[in-house]
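Numbers restart at 1 for each chain; the letters A, B, ... are given by sequence-line order, proteins then strands.
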Amino acid sequence: MSDALTNAGPAPAAPLDFIRQIVTDDLEAGRHGRRVHTRFPPEPNGYLHIGHAKSICLNFGVATEFGGLCNLRLDDTNPTREDVEYVDSIRRDVQWLGFDWGDREYYASDYFERMYECAVTLIRNGRAYVDSLSAEEIREYRGTLTQPGRNSPYRDRDPDESLVLIERMRQGEFPDGAHVVRARIDMAAPNINLRDPTLFRIRHAHHHRTGDRWRIYPMYDFAHALSDALEGITHSLCTLEFEDHRPLYNWIIEQFPDLPGDPQQIEFARLNLTYTVLSKRKLLELVERKMVHGWDDPRMPTISGMRRRGYTPEAIRDFCARIGVAKNESLIDVALLEHSVREHLNRVAPRAMAVLRPLKVVIENYPEGQVEMLEAINNPEDATAGTRQVPFSRELYIEQDDFREEPPKKFFRLFPGNEVRLRYAYIIRCTAVIKNDAGAIVELRCRYDPDTRGGSVAGERRVKGTLHWVSAARARRAEVRLYDRLFSTEQPGIDDSRHFAEEMNQAALETVSDALVEPSLAEARPGTTYQFERLGYFAPDADGAPDRPVFNRTVTLRDSWAKIERAQNA
RNA sequence: UGGGAGGUCGUUCAACGGUAGGACACCACGCUCUGGACGUGGUUAUCGGGGUUCGAAUCCCUGCCUCCCAGCCA
C-alpha cells in the first residue's frame, strides 16, 4: 500500500463533527493518556457495504487526524454465521478504500481464553453466575419493557458450583442451551440490557479460526467491551442502536480496571441511503435467493459491488466526508453518492466513444475505403492525459437517440437537413433517411464538409449539436450492462405489509449485447473507469474477454436534454 | 404506557446567547467540438406553546412527533 494513500485524509476542516469535538476535548483535558486509538470492528458474516465505509472513514479518519491508530478487528464471536470468505473480503475492501491497519489485525476469537478468564473472575467475585434456565424461561423471567424481571432461581447458586459448571460447559459436556453464563446486575433495571445479560453461551459449532477448541462463545456485549479494553482503545465508535448498551459496556469495563484501556463508547447515526437497503440480513437474502448475482453484483451497495461498478475509493471517501457524522437518523439521497462519483470520475476518467444502440450512417461524399486517424483528447480535465487516434471512415455508427426524423423543440441533434458535428471529426448534414419494409429507420445518408475537420482552425463553423460515433470498419463489438438503482422505492422495506424484495427495480440491469466501442477500448481492463462521451461512466468487467469486452455502467452523465424532454412530455 | 435518543431549507451537515450558512437536489441564464464539465443568479427551514435575556435554533418549562430496546445475533 502506498504511503501517499495510507489512511489518506485531509486535516480536519472546521467545524468539527460532534465526535471529533469530543476527541479534541479529551485530548485537551488529558484523558485516555492523551492517546487516540479507534477500531473498525466488523463481524465477518457478510460483505462490507457503503454504511461500513462511513464507519471505516470515521474510525480511520479520526485516528490519523489526531495522530492515533485504528485497528481492524474481526468480531468473530458467533461461529454459526461467520466465514473466512467474509474475512478475506473485509480485508480486501478496507484496503481498497485506502486505509491501512498496519500489523494491527485482530480477532475477537484471539481473546477467547482471556474472556473466559474474565468470566471466571466475575463468578468468583459474585458478579456472574451460571444459569440453567432454558432460553424461553430466561425470556419470561426478563420481564417486559414496562415490567421488571424476576431473579432466576439459579442466580444465587454457589460460585463454586458455577465455576464447576462453566468449566464443564467449556469442556463440551452440555448440549447447546443447557446453561448460560450471566452477569449478576439488576433484574429490575429499566434498561433491559442490565437485567443479567448473557455473557457466554454454549455452541457446538466449528469456528473458522479456533476450529473445535471452543464449545462456548462470548456474547457481543462482553466480547466487545473486553476487546476494546484489551487493545487499549480510547474511543469506541458505534451506531445508535447500541446507545442502550453503553451502561453495560461501562459496567464490564469497570469490572476489569487492570486491563490496558479505559475506552468510551460514542454512538453516531448509521447511514441510510435512498433506493437501496443497507442491512446485512437483507443483502444476504438478496444473494442467497439469487435476486442479484452475488455480493459483488454492481447493483449492490457493497464495497465490492461498487468497485465492480466502477466507483472509486476517492469518490466513496468524498461521499463519506460530505454526509458528515451526527446523531440524527438520516436518509441520504443517493444522488449525493452519484455526485461524488461523477465529480471524481470527471477528473480522472479517460474519455472514449461508444455507441450503445447503433444507427448506420454513410457519408456519401467521403472516399470509399479511406480511413483517417483523428486526434482525440483523452481527458479535457487533465492536460497530462494526452491524446489518442480514432479512426474515421465512410461508414459510421451513431446513437439511435441522436437522430429524429421529426425533431421536437430544442432538439439539437441530427434530423433531415440538419447539421451536427461528429466529435473530433467533421460537420455532417443529413440528406436522406433509409427505412426497411417495416418502416424502421435502418440507415442515414449524410454529406460531410471537408473543411470542418476537428481540431483544425479552419473548422470554425458552429453547430448546435456534437455527436459521438464509431467507425463501422474499426469498431469493436462489446457487451454493456446498464445498471440503475436496485430498488424503485426510496425506502424499500419501510412498508412492512410486503416483502422488501417486491420493491426491486426490474430495470436495474439492462444488458446491451451489441454495442460498438472505439478500438482503443479493446485494451480496457478492470480497474480503470472510462467516460463514454455523452453517455456516462463505464467500467470494464472481468467477465469480458479480449474479443468480447464487457462494460458496466457506473453512472450516467447528467443529462439536461433528458430533463427538457421529460418536461416537454409532461 | 418503562428506559434511551433525536426534531434547522426538498435532503443532509453547520451556526457552541449576537446577521440562520454550505453541500446535494431543484429552477433560470451564460459558456461549451461531450445538452458533460464550468460560471452566474434564484426558490425554500429553526416542531408547537410559554418563559429567561438588550438579544434565543442555542438556556429553562411544557406539549407534540420520530427512532431504538424484551436474541443463548451483532
message: On the side chain of A/Arg322, is there an atom forming a donor-acceptor pair with the base of B/rU12 - under 3.5 Å, no angle test?
response: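 Per atom types, no contact qualifies.
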Answer with base, sugar-phosphate or nothing: what part of the nucleic acid does [X] contact at a heavy-atom distance below 4.0 Å?
X        : value
A/Pro42  : nothing
A/Leu331 : sugar-phosphate
A/Leu374 : nothing
A/Arg203 : sugar-phosphate
A/Glu267 : nothing
A/Thr77  : sugar-phosphate
A/Ile138 : base
A/Phe411 : base
A/Asp75  : sugar-phosphate
A/Arg142 : sugar-phosphate
A/Glu43  : sugar-phosphate
A/Leu145 : base
A/Lys280 : nothing
A/Gln531 : base

query: With nearest nucleotides of RNA chain B determined for A/Lys464 and A/Gly324 from heavy-atom distances, which residue corresponds to the more 5′ nucleotide?
result: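 So the residue in question is A/Gly324.
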task: Could you check A/Asn346 against A/His224 and say which one's nearest nucleotide on RNA chain B is further toward the 5' end?
output: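 The residue whose closest nucleotide sits nearer the 5' end is A/Asn346.
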task: Locate the shortest heavy-atom distance separating A/Val325 from A/Asp17; write the atom from each residue and the value.
output: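 Taking A/Val325 first and A/Asp17 second, the nearest heavy atoms are O-CB, 3.6 Å.
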Residue [X], side-chain atoms from C-beta onward, closest of [options]:
X        : options                : value
A/Arg558 : B/rC24, B/rA37, B/rG2  : B/rA37
A/Asp333 : B/rA70, B/rU11, B/rA74 : B/rU11
A/Pro190 : B/rG3, B/rG6, B/rG4    : B/rG3
A/Arg139 : B/rA70, B/rC73, B/rC13 : B/rA70

Would you say the side-chain atoms of [X] and [Y] include a donor-acceptor pair closer than 3.5 Å?
X        : Y        : result
A/His468 : A/Arg534 : yes
A/Asp228 : A/Tyr249 : yes
A/Arg351 : A/Asn379 : yes

message: Looking at B/rA74 and A/Tyr220: do their rings stack (centroid distance under 5.5 Å, interplanar angle under 30°)?
response: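 Whether judged by distance or by angle, A/Tyr220 falls short somewhere, so it does not stack on the base of B/rA74.
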- prompt: Does A/Arg404 make a cation-pi contact with A/Phe415 (under 6.0 Å, within 45 degrees of the axis)?
  reply: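 No, A/Arg404 does not sit over the ring of A/Phe415.
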message: What is the separation between atom CE on A/Met187 and atom P on B/rG2, rounded to the nearest whole Å?
response: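 Result: 20 Å.
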message: Going by salt bridge (Lys or Arg N to Asp or Glu O under 4.0 Å), name the residues that satisfy it together with A/Glu375, two or more places apart in sequence or in a different chain.
response: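 Counting only residues at least two positions away or on another chain, A/Glu375 forms no salt bridge (Lys or Arg N to Asp or Glu O under 4.0 Å).
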- prompt: Between B/rG49 and B/rG41, how far is it from one P atom to the other, in whole Å?
  reply: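 About 35 Å, rounded to a whole number of Å.
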